[in-house]
Peer 1: 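Quick one: the structure is below, questions incoming.
What you are looking at is a predicted structure, and each value in this text was computed from that prediction instead of being measured. What you see below is based on every heavy atom in this structure, not just the backbone, and it leaves out hydrogens, waters and symmetry mates.
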Amino acid sequence: MQNTEHIIWTKTKYLVKLSTLTTPILFALTPNAFAAKVPDGVILADKQEVRIQATAEPATLDPQKMEGVSESYYARQLLEGLVNTDDEDNIIPGVAERWESSADNQTVTFYLRKNAKWSNGDPVTAHDFVYAWQRLVDPTTASPYATYLEFMKMENVADIVAGKKSPDTLGVKAVDDYTLQLTLTAPVPYAAELTQHSSLYPVHKATVEKYGDNWTRPEHFVGNGAYKLGERILNEKVDLERSSTYWNNNETVINKATIYILNENAAIARFRTGEIDIANIPSTLYKDPKFRKQFDSQIHNSRKLGTFTYEMNLAKAPFNDIRVRKALDLALEREVITDKVLGFGQTPTYRFTPSYIGGGEKIKQPEYANWTQQQRNEEAKKLLKDAGYSKSNPLKTELLYNTNEGLKNIAVAATAMWKKNLDGMADITLRNIEWKTFLDTKQQKNYTLAFSAWIADYNDASTFLTYYLSNSEQNKIGFKSEKFDKLINDSYYAKTPEERAEIYAQAEDELGKHHPFVAIYHYAGLFIKNPKLKGYEGKSPQGIYFLRDLYVEK
């Protein structure tokens with residue numbers, strides 16, 4: 001989702017790597033970086049509307065309660081945080097037009113633009129961010145991202161989440177209506193970049209307090225993004241309409257977007273008839289040379305900062321036994337899934353953190369990645385035998401995934417591999433459920449083995465590694481290692497980027513030794529787009545784009 005370096009913007013160019021700074025820093029950018037960039041001479045279509053496929057109904061539109069990539073897509077259009085990202089995931093100003101960090105990287109001050117407004121006309125102020133962030137860590141909110149600010153080392157997060165301190169002790173304050181100051185307990189040179197996350201988007205206090213959980217209904221929703229929430233029909237579509245109160249509305253071109261909830265095959269069928277402008281491509285269809293030839297210039301394929309895994313619930317048998325966990329890890333053939341089942345650029349991996357993310361350059365694959373598959377299979381069978389399993393008494397468990405044709409294809413292949421490579425010593429059945437129920441099931445830990453995917457929240461390896469901290473809300477599998485936690489904490493005090501990268505590599509090694517998941521591949525993006533729709537060409541490593549950047553040619 002990001003570049004491999006943290007950068008500072010000036011009005012005309014990149015200036016310096018953030019990680020090298022030891023003095024206070026100031027950020028600014030010219031206004032035209034925030035909107036659709038229509039080249040001179042381009043004639044726009046009379047109708048500036050776009051139709052987009054989504055594969056699942058959003059579980060929530062409340063930024064402090066969302067956890068999925070699909071939900072954050074809506075948040076980016078309806079709300080705006082302190083910073084945004086450009087088409088290559090460099091951070092750029094959002095509601096904050098500039099910011100500065102102290103010499104010790106433990107105080108960050110954001111200066112908000114005074115023309116930012118909510119969709120009801122109220123001004124967006126620093127107090128709105130304070131309210132939203134305190135709401136995020138408040139235990140009564142039960143946010144899946146409650147510990148996110150702990151990764152920024154913001155003051156008092158852990159004690160607030162644990163119920164030991166009040167949310168108003170959080171290390172964030174409104175110095176005045178348009179100045180927001182963060183207080184950190186450790187130097188975090190990439191703190192500003194972390195604020196791009198949807199969980200840190202502001203919410204309109206009066207609306208939330210008046211309507212409670214119903215504040216996200218179309219008739220109540222008040223946002224500060226480039227679009228307002230229009231008609232919403234559950235499991236069918238969501239309309240987003242251009243907001244006249246958005247601070248940079250004059251530079252927005254798209255007037256309306258309709259997001260249709262469709263499976264991949266249905267979306268492609270509608271794309272062929274011109275009813276959809278952006279859609280995901282099923283991997284089975286991508287393998288068809290006729291399809292690729294027909295739509296060659298409209299297909300976008302690129303490597304992404306994300307990892308596909310099967311997570312194991314460490315608190316439940318059989319995965320409370322490391323021998324079982326390691327056996328499944330060894331016996332899965334990654335290349336078969338990436339090359340045969342998928343086949344559009346995924347990178348097979350045994351590691352959680354991509355080595356091509358910022359700070360991940362020293363992360364290496366484990367030694368057994370260099371073994372032959374036969375060697376891995378033999379070791380896996382020995383481990384299962386030692387754990388008490390055999391052909392007559394096979395390992396029996398269930399693999400859970402959310403309803404999706406692509407996920408089904410991978411799950412079928414994985415369970416077949418395990419059965420074959422473990423010589424009948426494993427019998428793993430499949431169960432699929434719809435997205436919202438899937439999230440609830442994972443949250444309640446009512447599973448043994450389940451699909452999981454993690455997409456980078458920002459451009460640093462810590463966005464992956466902090467996922468498995470013992471106090472992380474994302475860590476639903478019960479992984480705990482004091483050594484791992486200490487390494488992550490030590491990374492904040494690294495004196496150089498190289499030292500931090502070495503610590504990240506050690507942490508990834510420690511994580512891998514416990515085999516708490518089966519990492520399968522790092523993601524690649526694959527979608528098809530109407531050639532007349534411009535402003536997003538799939539360059540973002542996170543797969544992020546903003547509707548306000550798009551336009552339709554005549």
Peer 1: Within the distance-only criterion (no hydrogens, no angle test), does the side chain of Arg51 pair as donor or acceptor with the backbone N or O of Tyr260 below 3.5 angstrom?
Peer 2: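 No; judged by distance alone, with no hydrogens or angles, the pair does not exist.
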Peer 1: Does the side chain of Thr60 come under 3.5 Å of the side chain of Asp62 through a donor N or O and an acceptor N or O?
Peer 2: no
Peer 1: Is a donor on one side and an acceptor on the other found under 3.5 Å between the side chain of Thr403 and the backbone of Ile433?
Peer 2: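 Judged by distance alone, yes, a pair lies under 3.5 Å.
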Peer 1: Does a donor on one side chain sit under 3.5 Å from an acceptor on the other, for Thr195 and Tyr458?
Peer 2: no
Peer 1: Could you tell me if the side chain of Leu547 sits less than 4.5 Å from the side chain of Val50, heavy atoms only?
Peer 2: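 They are in side-chain contact.
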Peer 1: Any cation-pi pair here, Arg334 with Tyr350, using under 6.0 Å and within 45°?
Peer 2: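 The answer is yes; both the distance and angle limits are met.
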Peer 1: Kindly say whether Gln64 contributes a backbone atom to a donor-acceptor pair with the side chain of Ser143 at under 3.5 angstrom?
Peer 2: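 Indeed, once roles are kept as given, a pair shorter than 3.5 Å links the two residues.
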Peer 1: Give a yes or no on whether a salt bridge exists between Arg351 and Asp509, defined as a side-chain N under 4.0 angstrom from a carboxylate O.
Peer 2: yes
Peer 1: Does NZ or CZ of Arg303 lie under 6.0 Å from the centre of the six-membered ring of Tyr356, at an angle within 45° of the ring axis?
Peer 2: yes
Peer 1: Verify whether one side chain among Glu434 and Thr437 offers a donor that lies under 3.5 Å from an acceptor in the other.
Peer 2: yes
Peer 1: When you compare the side chains of Thr372 and Gln374, does any donor N or O come within less than 3.5 Å of an acceptor on the partner?
Peer 2: no
Peer 1: Does this structure show an ion pair linking Asp549 with Lys37, if we count only N-O contacts that are shorter than 4.0 Å?
Peer 2: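 Salt bridge: no.
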Peer 1: For Leu234, does the CG atom sit with more than 12 other heavy atoms under 6.0 Å from it, leaving out its own atoms?
Peer 2: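 Yes, because the 6.0 Å sphere around CG of Leu234 holds more than 12 heavy atoms from other groups.
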Peer 1: How about NZ on Lys419, more than 12 heavy atoms from neighbouring residues, nucleotides or ligands closer than 6.0 Å, or not?
Peer 2: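 For Lys419, atom NZ is not crowded (no more than 12 foreign heavy atoms under 6.0 Å).
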Peer 1: Can you confirm whether or not the ring centre of Tyr545 sits under 6.0 Å from the ring centre of Tyr536?
Peer 2: yes
Peer 1: Counting heavy atoms not belonging to Lys436, are there more than 12 under 6.0 Å from its NZ?
Peer 2: no
Peer 1: Quick test of your reading of the model: are Lys476 and Glu311 salt-bridged, counting only N-O distances below 4.0 Å?
Peer 2: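 No.
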Peer 1: So, do Leu449 and Glu398 sit near enough that their side-chain heavy atoms are less than 4.5 Å apart?
Peer 2: no
Peer 1: Look only at the side chain of Asn301 and the backbone of Gly525, and say whether a donor-acceptor pair between them is shorter than 3.5 Å.
Peer 2: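 Side chain of Asn301 to backbone of Gly525, a donor-acceptor pair under 3.5 Å: yes, one is there.
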Peer 1: If you draw a 6.0 Å radius around NZ in Lys287, do more than 12 non-hydrogen atoms from other residues or ligands fall strictly inside?
Peer 2: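 More than 12 heavy atoms, drawn from other residues, nucleotides or ligands, come within 6.0 Å of this atom.
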Peer 1: Can you measure from CD (Gln474) to OG1 (Thr463) and round to the nearest 0.5 angstrom?
Peer 2: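 Between atom CD of Gln474 and atom OG1 of Thr463 there are 8.5 Å.
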Peer 1: Hey, does the Lys NZ or Arg CZ of Arg431 hover above the aromatic six-ring of Tyr401, less than 6.0 Å from the centre and inside 45° of the axis?
Peer 2: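 No, Arg431 does not lie over the aromatic ring of Tyr401.
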Peer 1: Is any side-chain heavy atom of Phe451 closer than 4.5 Å to a side-chain heavy atom of Ile410?
Peer 2: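 Side-chain contact under 4.5 Å: no.
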Peer 1: For a 4.5 angstrom cut-off between non-hydrogen side-chain atoms, does Asn255 reach Tyr227?
Peer 2: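 Not touching, per the 4.5 Å side-chain cut-off.
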Peer 1: Is there side-chain contact between Tyr145 and Met66, with at least one heavy-atom pair below 4.5 Å?
Peer 2: no
Peer 1: Are Thr347 and Thr349 linked by a side-chain donor-acceptor pair shorter than 3.5 Å?
Peer 2: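 Side-chain D/A pair, Thr347 to Thr349: absent.
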Peer 1: Under 3.5 Å, is there a donor on one side chain and an acceptor on the other for Thr353 and Glu508?
Peer 2: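 Result is yes, a qualifying pair exists.
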Peer 1: Can you find a side-chain donor-acceptor pair between Thr258 and Asp239 that sits under 3.5 Å?
Peer 2: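 Indeed, the side chains of Thr258 and Asp239 share at least one donor-acceptor pair under 3.5 Å.
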Peer 1: Backbone N or O of Val42 within a donor-acceptor pair of the Lys554 side chain at under 3.5 Å?
Peer 2: no
Peer 1: Does the distance from a Lys or Arg side-chain N to an Asp or Glu carboxylate O, for Glu71 and Lys65, drop under 4.0 Å?
Peer 2: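 No, no charged N to carboxylate O under 4.0 Å.
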Peer 1: So which pairs with a foot in residues 38-62 pass ring pair (Phe, Tyr, Trp, His ring centres under 6.0 Å), sequence neighbours left out?
Peer 2: none
Peer 1: Residues two or more places apart in sequence or in another chain: which of them pass side chain to side chain contact (heavy atoms under 4.5 Å, CB included) with Ser283?
Peer 2: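 Listed in chain order: Leu342, Phe344.
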Peer 1: Do NZ/NE/NH1/NH2 and the carboxylate oxygens of Lys256 and Glu231 come within less than 4.0 Å?
Peer 2: no
Peer 1: How are the rings of Phe517 and Phe352 set relative to one another: parallel (under 30°), tilted (30 to 60°) or perpendicular (over 60°)?
Peer 2: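 It falls in the tilted class, 30° to 60°.
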Peer 1: I'd like to know if the side chain of Glu361 and the backbone of Gly358 have a donor-acceptor N/O pair within less than 3.5 Å.
Peer 2: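 No, because the side chain of Glu361 does not come within donor-acceptor range (under 3.5 Å) of the backbone of Gly358.
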Peer 1: Is the side chain of Asn475 donor-acceptor paired with the backbone N or O of Phe479 at a distance under 3.5 Å, no angle test?
Peer 2: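 A pair under 3.5 Å: yes.
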Peer 1: Okay, side chain of Glu379, backbone of Ala331: is any donor-acceptor separation there less than 3.5 Å?
Peer 2: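 No.
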Peer 1: Are any side-chain N or O atoms of Ser472 and backbone N or O atoms of Tyr467, one a donor and one an acceptor, separated by less than 3.5 Å?
Peer 2: yes
Peer 1: Can you tell me if Asp329 and Tyr368 form a side-chain donor-acceptor pair at under 3.5 Å?
Peer 2: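 Indeed, the side chains of Asp329 and Tyr368 share at least one donor-acceptor pair under 3.5 Å.
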Peer 1: Within a strict 4.5 Å, meaning less than it, do heavy atoms of the Glu67 and Ser198 side chains meet?
Peer 2: no
Peer 1: Just by modelled atom types, is the Pro58 backbone N or O under 3.5 Å from a matching donor or acceptor in the Trp435 side chain?
Peer 2: no
Peer 1: Check whether Tyr504 forms a cation-pi arrangement with Lys362 (NZ or CZ under 6.0 Å from the six-membered ring centre, at most 45° off the ring normal).
Peer 2: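 Because its charged atom misses either the 6.0 Å distance or the 45° angle limit, Lys362 does not stack over Tyr504.
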Peer 1: Name all residues meeting the side chain to side chain contact (heavy atoms under 4.5 Å, CB included) criterion together with Arg272; count only those two or more places apart in sequence or in a different chain, and write none if there are none.
Peer 2: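 Testing Arg272 for side chain to side chain contact (heavy atoms under 4.5 Å, CB included), a comparison that skips the adjacent residues, returns Ile268, Leu285, Phe291, Gln294, Phe295.
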Peer 1: Going by atom types only, do Arg242 and Asn249 share a side-chain donor-acceptor pair under 3.5 Å?
Peer 2: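 Yes - a donor-acceptor pair under 3.5 Å links their side chains.
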Peer 1: Does a side chain donor of either Thr397 or Thr448 reach within less than 3.5 Å of an acceptor in the other side chain?
Peer 2: yes
